[in-house]
Amino acid sequence: MLTDEQLASARLLPRRQSWTWVAAVAVILVLANALYSILTNPGFGWPVVAEYFFSPQVMAGLVTTLMLTAISMTLSLVLGIIVAVSAASSNPVLSSVAKGYIWIFRAIPLLVQIIFWYNLAALYPRLGLGLPFMPSFVEVDTNSVITAISAAIIAMSLNEGAYMAEIVRSGLNSVDSGQREASRALGMSSWDSFRRIVMPQAMRVIIPPTGNETLSMLKYTSLVSVIALPDLLYSTQLISSRNFEVIPMLLVASLWYLIVSTILMIIQSGIERHFARSVVRP
């Protein structure tokens, strides 16, 4: 039996992690073998990847992809805030319309929506502006307004707006109702309370899923290839149809998606740290 002095002077040894090191070595060997295979397999066509990585057609497709992502996410965020506030409204008409919008656009696949908006002229050859049940003041040809890029932006914005509405709603619900009551007791208007009290606290909940949705939107832009919009993927497909290098051109697109996604992840992490300063100690 050890005395108290002996126990106090005894040196505690860490538990051996033999199997952890064995697993780590095995994973390193598998990854090294996979990397060697990727770099040495001529089927990947790395010289072709290097040749077309910065080609004008690929860069133009990348710009289109980034533009679609930025515009669609901006519109969907604004739309999501409006729909989320409307869904939580005490007005039954606004609430019902907002919930119906969320239901419809979350249920229909994005690919179907893109094709539908692109072929809107089959339903309405001309679009008009005027009062209900009255002749239109202005009419335009639908095909001149709903182009490939506008159809893609409309479809992706409306689709993502439904998901952003649910994200914003969950963020607003995370703020205790006592915060709103306290702000009103201080004489703040509903708008000031929403802008200065509720929204800054809700952003801690809204930012992480919004970042994930932005990454998803970046990848969803590849669906616009079905309407022949030259985004990043479609541009590489056009090149592969000429040089018959399918795998290398897919690698070009994949590497650019990986680079942009990594940059967006870094930006997301910075924004999350900014809004978490009040609750996370350095």
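Atom set for the values below is all heavy atoms of this structure, side chains included, hydrogens, waters and symmetry mates excluded.
- Grouping the Ile, Leu, Val, Met, Phe, Trp and Tyr side chains by contacts below 4.5 angstrom, directly or via other members, places I115 with M156.
- Taken from CH2 in W103 to CD1 in I108, the straight-line distance is 8.5 Å, to the nearest 0.5 Å.
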In sequence, state the C-alpha distance, the side-chain angles, and the governing distance for E160 and M217, and then conclude on side-chain contact (heavy atoms from CB on, under 4.5 Å).
CA-CA 8 Å; E160 187 59 35; M217 178 67 74; 3.4 Å; yes
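- No side-chain N or O of S89 forms a donor-acceptor pair with one of S86 less than 3.5 Å apart.
- One hydrophobic cluster holds both M67 and V260 under the rule that ILVMFWY side chains link at heavy-atom gaps under 4.5 Å.
- Looking only at side-chain heavy atoms (C-beta outward), I206 and P209 stay at 4.5 Å or farther from each other.
- Residue pairs meeting the salt bridge (charged side-chain N to carboxylate O under 4.0 Å, His left out) criterion with at least one partner in residues 61-85, sequence neighbours excluded, are absent.
- Taking OG1 of T64 as the reference point, atom CE of M59 lies at 11.0 Å (rounded to 0.5 Å).
- Between the side chain of S55 and the backbone N or O of E51, no donor-acceptor pair lies under 3.5 Å.
- Put simply, L75 and Y118 are part of the same group of oily side chains (I, L, V, M, F, W, Y) that touch within less than 4.5 Å, one to the next.
- Once rounded to the nearest 0.5 Å, the distance linking CZ of F116 with CD1 of I146 reads 10.0 Å.
- The side-chain heavy atoms of L68 and L218, taken from C-beta on, include no pair separated by under 4.5 Å.
- Linking Ile, Leu, Val, Met, Phe, Trp and Tyr whenever their side-chain heavy atoms come within less than 4.5 Å puts V224 and L110 in one cluster.
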**Asked** What's the verdict on side-chain contact (heavy atoms from CB on, under 4.5 Å) for Y163 and E166, showing C-alpha distance, side-chain angles and the deciding distance?
**Response** CA-CA 5 Å; Y163 290 94; E166 290 295 279; 5.9 Å; no
Discussion item. The test is side-chain contact (heavy atoms from CB on, under 4.5 Å); show your working for M73 and L77 and say whether it passes.
Written reply: CA-CA 6 Å; M73 278 307 302; L77 179 58; 5.6 Å; no
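- With E245 contributing its side chain and V48 its backbone, the two residues share no donor-acceptor pair below 3.5 Å.
- Between S225 and D231, some side-chain heavy-atom pair lies under the 4.5 Å cut-off.
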*asked:* Assess the residue pair T221 and L232 against the criterion (side-chain contact (heavy atoms from CB on, under 4.5 Å)); give the C-alpha distance rounded to whole Å, side-chain angles, the decisive distance to 0.1 Å, and a yes or no.
replied: CA-CA 9 Å; T221 56; L232 177 59; over 6 Å; no
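- Judged purely by atom type and a 3.5 angstrom limit, S95 uses its side chain to pair as donor or acceptor with the backbone of A87.
- Here the side chain of N119 pairs no donor or acceptor atom with the backbone of A122 at under 3.5 angstrom.
- Annotation for R169 and A84: closest pair N-CB, 3.9 Å, computed over non-hydrogen atoms.
- The aromatic rings of W46 and F44 lie parallel to each other, their planes meeting at an angle below 30°, with 60° marking the opposite boundary.
- Residue-environment remark: OH (Y220) stays at or below the threshold of 12 foreign heavy atoms within 6.0 Å.
- The shortest distance between side-chain heavy atoms of L29 and N33 does not fall below 4.5 Å.
- One N or O on the side chain of S254 and one on the backbone of L250 form a donor-acceptor pair closer than 3.5 Å.
- Here L111 contributes atom CG and N159 contributes atom CG; the two are 11.0 Å apart, rounded to the nearest 0.5 Å.
- Looking only at distances, no side-chain donor or acceptor of S235 sits under 3.5 Å from a matching main-chain atom of L62.
- Smallest separation of non-hydrogen atoms from A70 and T74: O-OG1, 2.8 Å.
- Panel note: side chain S170, backbone I167; a donor-acceptor pair is recorded below 3.5 Å.
- Under a 3.5 Å cut-off, the side chain of S174 and the backbone N or O of G171 do form a donor-acceptor pair.
- Between atom OG1 of residue T210 and atom CG of residue L215 there is a gap of 11.0 Å, rounded to the nearest 0.5 Å.
- Here I104 contributes atom CD1 and I102 contributes atom CD1; the two are 11.0 Å apart, rounded to the nearest 0.5 Å.
- The backbone N or O of I154 lies less than 3.5 Å from no partner atom in the side chain of S157, so there is not a single donor-acceptor pair.
- Residues that satisfy the ring pair (Phe, Tyr, Trp, His ring centres under 6.0 Å) test with W256, not counting sequence neighbours, are F53, F54.
- Using a 4.5 Å cut-off between side-chain heavy atoms of Ile, Leu, Val, Met, Phe, Trp and Tyr, with links allowed through other members, Y234 and L255 fall into different hydrophobic clusters.
- The two atoms that bring L229 and A152 nearest to each other are CD2-CB, 4.0 Å, heavy atoms only.
- Across all non-hydrogen atoms, the minimal contact from T142 to L120 is CG2-C, 4.3 Å.
- Judged purely by atom type and a 3.5 angstrom limit, S261 has no side-chain atom pairing as donor or acceptor with the backbone of L258.
- Considering all non-hydrogen atoms of both residues, P248 and G43 come closest at CD-O, 4.4 Å.
- S150 places none of its side-chain heavy atoms less than 4.5 Å from the side chain of W117.
- Annotation for A162 and Y101: closest pair N-OH, 3.5 Å, computed over non-hydrogen atoms.
- Between Q268 and N212, some side-chain heavy-atom pair lies under the 4.5 Å cut-off.
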